[in-house]
Each structure stands twice: as structure tokens, then as C-alpha cells.
*Asks:* 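Got a structure for you, written out below as C-alpha cells; questions coming shortly.
This is a predicted model, so every value here is computed, not measured.
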Amino acid sequence: MSFSPKTLLAPGVVMSTLCFSSVCIADVECGDTITDAQTLTGELSCSEDPAITVEGPDGSLVMSGEGAIECTTDGVGVLMLGTSGVVTGGVVSNCETGLELAGSGLHKVFSVTVEESSGAGVFAESDSNLIRQNTLSNTTNVKASGIVLEGVANVAIGNSVSGFFEDGIGGFGFFSYIGNNYLEGNGVAISLGARIIDGQTVGASFCVIASNVVENNEVLGIAIGGPYVIPNMDNVVSGNTVTGSGFDDLSDDNEASDCSSGTNTWSGNTANTSFPSCLKDL
């Protein structure tokens, strides 16, 4: 084990940081930009926007023990910039956006509890991010979404998402993978929507939605929207278990009434209701 002391300077403050191997245990403070490996073990209540910034490739934040970030005003709890930043553990609460994955992407968010977001729990606007084994929940009736995948080739796997008025997980970019998640009590559990690109409405395409368990969502279980100028197409929805939706467990606005269009591939899902009605039998 290597030990190297460092001193971080802020206005009027000398802060001692202890580093063991590649991880530093420091007095992480509201408004900090983290560019190396840091650990937060206490609770922060922040009015700054963003509360904390993690900048890759070397920036990472482990929240262990009682490590938590609470927003006291609308804003972002953790903003991830650069590339390949990492955030693991802890709680992020009462923020407009819990974690925003920006910059050049390739960020990782593992095992974070995100509570009471008023906009989005996790917003992946960049590409090729991994959002894994996180717990996201809302108990207030605000128009918020759990996980929003806006960039290209984002992955949401093994997450638990509940209580969001809008989408539990919403995919808006190409090549998203949404798999092995548990979703309950959202407006729409999983949806593929569209973005405006060069003035055109472009549907999410080439995505995979597989092996999710979706229960008791208010409106729809798994839904592909449209039709858009450039439609949602070549998506695969397979092996999901969807029950107890307020309207339909499965829904594809691009599919013909006899399920003959083949715009998207639906197969091996367990569901009681669908639009078109033949969708559940594919």
C-alpha cells in the first residue's frame, strides 16, 4: 500500500487529503470538480449547480458509508464531464437531475441510489455510458423520468426504477441496450421515443429491450412511439415479462394491425395486453 499526502487549496482553506494506492479520502465539498479518485463518506447538502463535478478520464467518486449528496435548489447532483468518469455507491437526492452524463461519454454509474428527482434521475446525453445496478425512486407526483438515454449506444442494465410520473427508462438515441431492469409504478415503464435532429423528428432505432421485469405501471409497460418522420425501426424487444399496465403491456405505434409490418422485432415476451393485440403473441 502506498501513501502520499497532498494538500488541496481553496480560498482561505487548507484541506488535507490522504491517498492510499490510487484512491484519495478527502473533504469533498459542494461545488468541487473531482479530477482524480476520491471517496465521500459523509453527507453534503448543496445549493451549488452542479453540486459536484466528476471529470474523466481520471476523475472518480466513490460514496461509501453515509456518503450522500442532497440538492437544496434545482440543479444537477453529479455532473460527469470528459470521458470515462466513474461514480459508485451512495445517495443523490432532491435534485432536478440526479446525475448528468455529459462530455465525451464512456462514463460508468454503479450502485447509486437516486431519490426524488424533479426532472430525471440519470440523464445520459453523451454516448456509450454504462448505468448499472442503480436504484431510482420518486414518491412525489412530478413530471420526472427515471433514466433518460439520449446519446448513442448507452446501456442501462440491472437497475430498479419506480414511481416516476413519465418514463421509467426512456430511450431517444440509437443503439441503446435496456436489459434486466425492474420497473414498477411508473407512467410508462420503458419507452423508445424520438429526438429532433436537423429539424426532423428522428425515432430511436437499433435498440434492444430484453429480459426486463415490468409490473403495475400506470399507462404502458413497454412502448415504441411514433410514427415519426424517420421512424423507430430495427429495434428488438425480447424476453420481457410485463404485467398489470393501466392500458397495454406492450405497444408499438409503428406496427400494422395484423403485426405484418416488421418495422421492429417483438419476440418471446410475456404479456396480457398489447397494441396491436397480436403483438403479445409474437
*Asks:* Working to the nearest 0.5 Å, report the span between OG1 of T135 and CD of Q133.
*Replies:*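 Rounded to the nearest 0.5 Å, the OG1-CD separation comes out at 9.5 Å.
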*Asks:* Could you measure the distance from the CG atom of D32 to the CD1 atom of I52? Nearest 0.5 Å is fine.
*Replies:*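 It is 5.0 Å, given to the nearest 0.5 Å.
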*Asks:* List the atom of S117, the atom of A144, and the distance in Å for their closest heavy-atom pair.
*Replies:*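 S117 and A144 have their closest heavy atoms at O-CB, 3.2 Å.
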*Asks:* Is a side-chain donor or acceptor of N264 paired with a backbone partner of V237 at a separation under 3.5 angstrom?
*Replies:*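 The answer is no, because no donor-acceptor pair under 3.5 Å joins these two groups.
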*Asks:* Distance only, no hydrogens: is a donor on one side chain within 3.5 Å (strictly under) of an acceptor on the other, for E215 and Y182?
*Replies:*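 Judged by distance alone, the side chains do pair up.
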*Asks:* Checking side chain to side chain donor-acceptor pair (under 3.5 Å) for the pair N94/E116: CA distance, chi angles, key distance, verdict?
*Replies:* CA-CA 5 Å; N94 296 312; E116 308 304 337; over 6 Å; no
*Asks:* Is there a donor-acceptor pair closer than 3.5 Å between any side-chain N or O of T201 and the backbone N or O of V229?
*Replies:*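 A pair under 3.5 Å: no.
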*Asks:* Can you name the nearest heavy-atom pair linking G173 to S176, along with the distance?
*Replies:*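 Heavy atoms of G173 and S176 come nearest at O-OG, 4.0 Å.
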*Asks:* Looking only at atom types and distance, does a side-chain atom of D167 sit under 3.5 Å from a main-chain N or O of I147, one as donor and one as acceptor?
*Replies:*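 It does not hold such a pair.
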*Asks:* Taking the side chain as everything from C-beta on, heavy atoms only, tell me whether V76 gets closer than 4.5 Å to F123.
*Replies:*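 Contact flag for V76/F123 side chains = no.
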*Asks:* Ignoring hydrogens, what is the shortest heavy-atom contact between G77 and C95? Give both atom names and the distance.
*Replies:*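 Nearest pair, atom of G77 first, then C95: CA-SG, 3.6 Å.
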*Asks:* Is any side-chain heavy atom of R195 closer than 4.5 Å to one of E150?
*Replies:*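 Side-chain contact under 4.5 Å: yes.
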*Asks:* Flag yes if I224 and L220 sit in one hydrophobic cluster, no otherwise; membership is Ile, Leu, Val, Met, Phe, Trp, Tyr, and two members link when side-chain heavy atoms are under 4.5 Å apart.
*Replies:*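 No, separate clusters.
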*Asks:* Consider only side-chain heavy atoms of I, L, V, M, F, W and Y, link residues closer than 4.5 Å, and tell whether V188 and V122 are in one cluster.
*Replies:*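 Different clusters.
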*Asks:* Do the side chain of H107 and the main chain of N129 share a donor and acceptor less than 3.5 angstrom apart?
*Replies:*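 Not confirmed, H107 side chain does not pair with N129 backbone.
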*Asks:* Tell me whether L149 shares a hydrophobic cluster with L183, the cluster being built from Ile, Leu, Val, Met, Phe, Trp, Tyr side chains joined at under 4.5 Å.
*Replies:*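 In one cluster with L149: L183, yes.
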*Asks:* Is there a donor-acceptor pair under 3.5 Å between the side chain of N240 and the backbone N or O of I209?
*Replies:*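 Answer holds: yes.
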*Asks:* Kindly give the heavy-atom pair with the smallest separation between E184 and N216, and that separation in Å.
*Replies:*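 That closest heavy-atom pairing would be OE2-ND2, 4.1 Å.
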*Asks:* Identify the heavy atoms of L79 and A102 that sit nearest to each other, and give their distance.
*Replies:*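 Smallest interatomic distance, heavy atoms only, reads CD1-CB, 4.1 Å.
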*Asks:* Identify which one of V155, L130, I131 satisfies the side chain to side chain contact (heavy atoms under 4.5 Å, CB included) criterion when paired with K108.
*Replies:*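 Testing each of V155, L130, I131 against K108, the sole residue satisfying side chain to side chain contact (heavy atoms under 4.5 Å, CB included) is L130.
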*Asks:* Less than 4.5 Å apart, side chain to side chain, heavy atoms only: is that true for D74 and S118?
*Replies:*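 They are in contact (side-chain heavy atoms under 4.5 Å apart), so the answer is yes.
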*Asks:* The test is side chain to side chain contact (heavy atoms under 4.5 Å, CB included); show your working for V109 and M80 and say whether it passes.
*Replies:* CA-CA 10 Å; V109 178; M80 303 185 74; 3.8 Å; yes
*Asks:* Quick one: pull up CD1 in I169 and CD1 in I178 and give me the separation to the nearest 0.5 Å.
*Replies:*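 Going from CD1 on I169 over to CD1 on I178, the span is 5.5 Å.
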*Asks:* Going by the side chain to side chain contact (heavy atoms under 4.5 Å, CB included) test, name the single residue among I222, T270, V214 that passes it with L250.
*Replies:*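 The residue from I222, T270, V214 that satisfies side chain to side chain contact (heavy atoms under 4.5 Å, CB included) with L250 turns out to be I222.
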*Asks:* Mind listing the closest non-hydrogen atom pair of A204 and N235 along with its distance?
*Replies:*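 Closest pair (atom of A204, atom of N235, distance): O-ND2, 3.1 Å.
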*Asks:* Can you find a pair of side-chain heavy atoms, one from M63 and one from I69, that are under 4.5 Å apart?
*Replies:*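 A side-chain contact exists here, since the closest heavy-atom pair is under 4.5 Å.
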*Asks:* In the structure I gave you, are the side-chain heavy atoms of V92 and V112 within less than 4.5 Å of one another anywhere?
*Replies:*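 Yes, side chains in contact.
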*Asks:* Under the 3.5 angstrom rule, does the side chain of S205 hit a backbone N or O of M233 as a donor-acceptor pair?
*Replies:*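 Indeed, once roles are kept as given, a pair shorter than 3.5 Å links the two residues.
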*Asks:* Between the main-chain N or O of V242 and the side-chain N or O of N269, is there a donor-acceptor pair closer than 3.5 Å?
*Replies:*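 Between the backbone of V242 and the side chain of N269 there is no qualifying donor-acceptor contact (under 3.5 Å).
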*Asks:* Keeping the roles fixed (side chain from T73, backbone from S47), state whether a donor-acceptor pair exists under 3.5 Å.
*Replies:*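 Yes: the side chain of T73 pairs with the backbone of S47.
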*Asks:* Say you draw a straight line from CD1 of I34 to CD of E29; how long is it, rounded to the nearest 0.5 Å?
*Replies:*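 Atom-to-atom, I34:CD1 and E29:CD are 11.0 Å apart.
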*Asks:* Is N232 reaching over with its side chain to a backbone N or O of G203, donor-acceptor style, under 3.5 angstrom?
*Replies:*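 Checking the backbone N and O of G203 against the side chain of N232, no donor-acceptor pair under 3.5 Å is found.
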*Asks:* Same cluster or not: are F110 and Y177 linked, directly or through other Ile, Leu, Val, Met, Phe, Trp or Tyr residues, by side-chain heavy atoms under 4.5 angstrom apart?
*Replies:*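 In one cluster with F110: Y177, yes.
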*Asks:* Are V202 and I196 co-members of a hydrophobic cluster defined by side-chain heavy atoms under 4.5 Å apart?
*Replies:*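 They do not share one cluster, since no chain of ILVMFWY contacts under 4.5 Å joins I196 to V202.
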*Asks:* Are any non-hydrogen side-chain atoms of T88 and S111 less than 4.5 angstrom apart?
*Replies:*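 Not in contact.
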*Asks:* Does a donor on one side chain and an acceptor on the other come within less than 3.5 Å for E255 and S261?
*Replies:*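 Checked: E255/S261 side chains pair up, N/O donor to acceptor below 3.5 Å.
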*Asks:* Is there a disulfide between C71 and C46 in this structure (defined here as SG atoms under 2.5 Å apart)?
*Replies:*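 No.
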*Asks:* Could you check whether any side-chain N or O of N159 sits under 3.5 Å from a backbone N or O of L136, counting only pairs where one atom can act as donor and the other as acceptor?
*Replies:*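 Judged by distance alone, no pair lies under 3.5 Å.
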*Asks:* Test of understanding: with side chain to side chain contact (heavy atoms under 4.5 Å, CB included), list the residues that count as partners of N272, not counting sequence neighbours.
*Replies:*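 Once residues adjacent in sequence are excluded, the partners of N272 under the side chain to side chain contact (heavy atoms under 4.5 Å, CB included) criterion are T243, D249.
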*Asks:* To the nearest 0.5 Å, what is the distance between SG (C207) and CZ (F172)?
*Replies:*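 Separation between the atoms: 11.0 Å.
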*Asks:* Parallel, tilted or perpendicular for F206 and F175, by the 30°/60° rule?
*Replies:*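 The rings of F206 and F175 lie parallel, inter-plane angle below 30°.
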*Asks:* Within a strict 4.5 Å, meaning less than it, do heavy atoms of the S64 and T41 side chains meet?
*Replies:*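 In short, these two side chains touch, coming nearer than 4.5 Å.
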*Asks:* Evaluate the criterion side chain to side chain contact (heavy atoms under 4.5 Å, CB included) for residue pair V161 and N181; output intermediate values, then yes/no.
*Replies:* CA-CA 8 Å; V161 186; N181 302 285; 5.7 Å; no
*Asks:* Can you find a pair of side-chain heavy atoms, one from F165 and one from T140, that are under 4.5 Å apart?
*Replies:*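 No. Closest side-chain heavy atoms not under 4.5 Å.
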*Asks:* Could you tell me the separation between the CG atom of N254 and the CG atom of L192, rounded to the nearest 0.5 Å?
*Replies:*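 The CG atom of N254 sits 10.0 Å away from the CG atom of L192.
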*Asks:* With sequence neighbours left out, what residues match F247 under ring pair (Phe, Tyr, Trp, His ring centres under 6.0 Å)?
*Replies:*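 With sequence neighbours excluded, F247 shows a ring pair (Phe, Tyr, Trp, His ring centres under 6.0 Å) to no residue whatsoever.
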*Asks:* Which residue, D234, V236, L282, forms the side chain to side chain contact (heavy atoms under 4.5 Å, CB included) with T265?
*Replies:*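 Exactly one pass, corresponding to V236.
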